[in-house]
Amino acid sequence: MTQHETLRRYGLFTSRAPRYTSYPTAPHFNNETGPETMAGWLEQVPEQSKVSLYIHIPFCRRLCWFCACRTQGTQTDAPLRGYLDMLKAELAMVANSLPAGVQLSRLHWGGGTPTILPPAMITELAEAIDRHFPLSSGSEFSVEVDPTMVDAEKVAALGAAGLTRVSLGIQDFDPQVQSAIGRIQSFEDTKWAAEALRDAGAKNLNLDILYGLPFQTADSLTDTVNKTLELSPDRLALYGYAHVPWAAKRQVLIPEDHLPDGPTRYALFHMASQLFGAAGYDAVGIDHFARAGDGLLNASLNGTLRRNFQGYTDDQADVLIGIGASSISRFPAGYAQNAPGTGEYATAIASGKLATKRGHTMTQDDVLRAQIIEDLMCRFAIDFGNVAKRTGAAQADVKAIATDLQRKYADVCSISADGLTLSEPALSRLMAMDVDGYMTNSNRHSLAI
């Protein structure tokens, strides 16, 4: 049986599996987690420990049709001013709930479009963060940048704030594809942004490409990959476009008739992966590629690669604090998500309360399955002893879950007394879905791939 036939038989081309940047995934959060729970988890963070901080800026000048993130459009800076004031207030509240001496190992601004902020607001936000959460030695400060929404003054402000890593969204450089997804972005604008940000101090450059877009062909994607490689990124992400118009209403503008089918999507991914490999980039996980020396590749090689809400990461902090509307915090005890709408979020913060709206408290079974899923996604293997040690579960329980997987995926994974090894990484998300204790047959077909 060929690889293509094997993948088809297991349902890779038709199944819709979560990305598993958390377990349980956000759709399974509940309303029992509120501000009091969040405050309690903050207070339990060990003194002098390092945490990660995510700042969510949900505003965009344009709403790209392919995007399924929680964003809102604005043509003026007025909403930004009010939102920034709320971010500063939330930062102060969160800092007051944390024990003494907590520092940042990672700081990430995401969106939306963080570079929608004018230079003075970029500086103001950076200063507010530094006032409450000083960066530790060797920490990383990354920002997601829309190349069409950044100029010399914004670049200078980011550089002065200490930016060390930048993530530029490319998606695709083909004009027909760009028109079909509502994102016009020239190679020249992207190149200027990459070079300017590097000159301003961004030592590391991440570039994101999408496959599975309307009108995308092997030739057009090859051209996009080649142009992307001209920018000499340190790290690349190759994400599959998830068409979920029932969840992201703007996607109704995407011409569905021109979306590639499952086998074509996989062929596009495989082709781009080979081009990256030929250019000296090694695969990391299921959708990232990095050059020798990159921290993500090092983590993949030494077994410390992890998953969080930004995808693959080499960040080892146990706590990730989300600031801003809809942002999600992760603690050893569970997840806490802020109110999704900016209005509801602002009302909560203005009243002097944390904006936590929903979340999930981890059970022992959650802890076990979360670790197994992370290992499948990051290492394509399950080490029975290691999982048992890290989760406190009985090794027999770990082996029982792995044995069920091996029965279903017998020709793509092997099992021994010590663990399970997956030989076909493309199936890792489907295997994770089988480990998912919240997944049912009724919701398997409504999730984004």
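The residues of the chain are indexed from 1 along the displayed sequence. Hydrogens, waters and symmetry mates play no part in the numbers below; they use all other heavy atoms, side chains included. Here the structure is a predicted model, which means the values were calculated and not measured.
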query: Quick check: does any side chain N or O of Glu140 sit under 3.5 Å from a backbone N or O of Arg106, one acting as donor and the other as acceptor?
result: no
message: Less than 4.5 Å apart, side chain to side chain, heavy atoms only: is that true for Asn206 and Val166?
response: no
message: Under a 3.5 Å distance rule, please check whether Thr123 uses its side chain to pair with a backbone N or O of Pro119 as donor and acceptor.
response: yes
query: Does Arg61 offer a backbone N or O that forms a donor-acceptor pair with the side chain of Gln75 under 3.5 Å?
result: yes
message: Is there a side-chain contact between Tyr23 and Pro18 in this structure, where contact means two heavy atoms from C-beta onward sitting under 4.5 Å apart?
response: no
task: Examine Tyr211 together with Tyr239 and report whether their ring centres are nearer than 6.0 Å.
output: no
message: I'd like to know if the side chain of Ser136 and the backbone of Leu104 have a donor-acceptor N/O pair within less than 3.5 Å.
response: yes
query: Any donor and acceptor pair, going by atom type alone, linking the side chain of Thr25 with main-chain N or O of Ser22 inside 3.5 Å?
result: no
message: Students often mix this up, so state it plainly: with edges at 30° and 60°, are the rings of Tyr266 and His270 parallel, tilted or perpendicular?
response: parallel
query: According to the interplanar angle, ranging from 0 to 90°, do the rings of Phe331 and Trp41 count as parallel (below 30°), tilted (30 to 60°) or perpendicular (above 60°)?
result: tilted
- prompt: Side chains of His288 and Leu296: does their closest heavy-atom pair fall under 4.5 Å?
  reply: yes
message: Would you say the rings of Tyr335 and His360 are close, in the sense that their centroids are separated by under 6.0 Å?
response: no
statement: Val252 and Pro245 have their tightest heavy-atom pair at CG1-CB, 4.0 Å
- request: Show your working on side chain to side chain contact (heavy atoms under 4.5 Å, CB included) between Asn338 and Glu90 and close with a plain yes or no.
  value: CA-CA 11 Å; Asn338 279 351; Glu90 186 183 12; 2.8 Å; yes
message: As an exercise, state the distance from SG of Cys67 to CD1 of Ile181, rounded to the nearest 0.5 Å.
response: 10.5 Å
Note, Arg198 side chain near Lys203 side chain (heavy atom, < 4.5 Å): no
query: Do Ile122 and Leu158 touch side chain to side chain, with heavy atoms closer than 4.5 Å?
result: yes
task: Using atom types as modelled and distance alone, determine if a side-chain donor or acceptor of Thr228 lies under 3.5 Å from a backbone N or O of Thr224.
output: yes
- request: Return yes if some donor-acceptor pair links the side-chain N/O of Gln251 with the main-chain N/O of Val244 below 3.5 Å, else return no.
  value: yes
message: Tell me if a side-chain donor or acceptor on Thr113 pairs with a main-chain N or O of Ile116 at a distance below 3.5 Å.
response: no
query: So how far is it from Gln44 CD to Leu98 CG, rounded to the nearest 0.5 Å?
result: 11.5 Å
task: Enter the distance from Met271:CE to Leu275:CG here, rounded to the nearest 0.5 Å.
output: 5.5 Å
query: Is any side-chain N of the basic residue among Asp146 and Arg183 closer than 4.0 Å to the acidic one's carboxylate O?
result: yes
task: Output yes when a side-chain donor or acceptor of Thr264 lies under 3.5 Å from a complementary backbone atom of Pro260, and no otherwise.
output: no
message: Assess whether a salt bridge exists between Glu188 and Lys227, defined as any Lys/Arg side-chain N lying under 4.0 Å from an Asp/Glu carboxylate O.
response: no
statement: Shortest non-hydrogen pair, Ala317 vs Ser105, comes out as CB-OG, 3.7 Å
query: Between Phe66 and Tyr241, is the ring centre distance below 6.0 Å?
result: no
message: Evaluate Ile323 against Leu91 for side chain to side chain contact (heavy atoms under 4.5 Å, CB included), listing each step before the verdict.
response: CA-CA 7 Å; Ile323 301 293; Leu91 283 165; 4.0 Å; yes
field: Whether Tyr281 and Phe276 hold their rings parallel, tilted or perpendicular, with breakpoints at 30° and 60°
entry: perpendicular
Residue pair Ile286, Tyr312: steps toward the side chain to side chain contact (heavy atoms under 4.5 Å, CB included) verdict: CA-CA 9 Å; Ile286 62 172; Tyr312 286 108; 3.5 Å; yes
message: Tell me whether Lys191 is salt-bridged to Glu230, with the criterion being a basic N under 4.0 Å from an acidic carboxylate O.
response: no
- prompt: Does Pro175 offer a backbone N or O that forms a donor-acceptor pair with the side chain of Ser179 under 3.5 Å?
  reply: no
- prompt: How long is the gap from CE on Met121 to CG on Asp77, to the nearest 0.5 Å?
  reply: 5.5 Å
field: Distance (rounded to the nearest 0.5 Å) between Ser52 OG and Asp315 CG
entry: 3.0 Å
task: Report the distance from atom OH of Tyr20 to atom CE of Met377, rounding to the nearest 0.5 Å.
output: 9.0 Å
task: Could you check if a side-chain atom of Asp174 sits within less than 4.5 angstrom of a side-chain atom of Leu213, using non-hydrogen atoms only?
output: no
task: Taking only Lys NZ, Arg NE, NH1 and NH2, and the carboxylate oxygens of Asp or Glu, determine whether Asp318 and Lys50 approach each other closer than 4.0 Å.
output: no
Side-chain ion pair, Arg235 and Asp208, N-O less than 4.0 Å: no
field: Closest contact, heavy atoms only, Thr33 versus Gly359
entry: OG1-C, 3.4 Å
message: Could you work out, with side-chain contact (heavy atoms from CB on, under 4.5 Å) as the rule, every residue matching Ser97, not counting sequence neighbours?
response: Leu42
task: Could you tell me whether Tyr54 and Trp109 have their ring centroids closer than 6.0 angstrom?
output: no
field: Ion pair Arg81/Asp85, N-O distance below 4.0 Å
entry: yes
task: Could you label the plane-to-plane angle of the Phe59 and Tyr83 rings as parallel, tilted or perpendicular, counting under 30° as parallel and over 60° as perpendicular?
output: perpendicular
message: Tell me the closest heavy-atom pair linking Ala161 and Ala126, and the distance in Å.
response: CB-CB, 3.6 Å
message: Contact between Val150 and Asp189 at the side-chain level, heavy atoms closer than 4.5 Å - yes or no?
response: no
query: So do Leu297 and Asp314 actually touch side chain to side chain, heavy atoms under 4.5 Å?
result: no
query: Just wondering, are more than 12 heavy atoms of other shown residues or ligands nearer than 6.0 Å to NZ in Lys357?
result: no
- request: Could you tell me if the ring centre of Tyr345 sits under 6.0 Å from that of His56?
  value: no
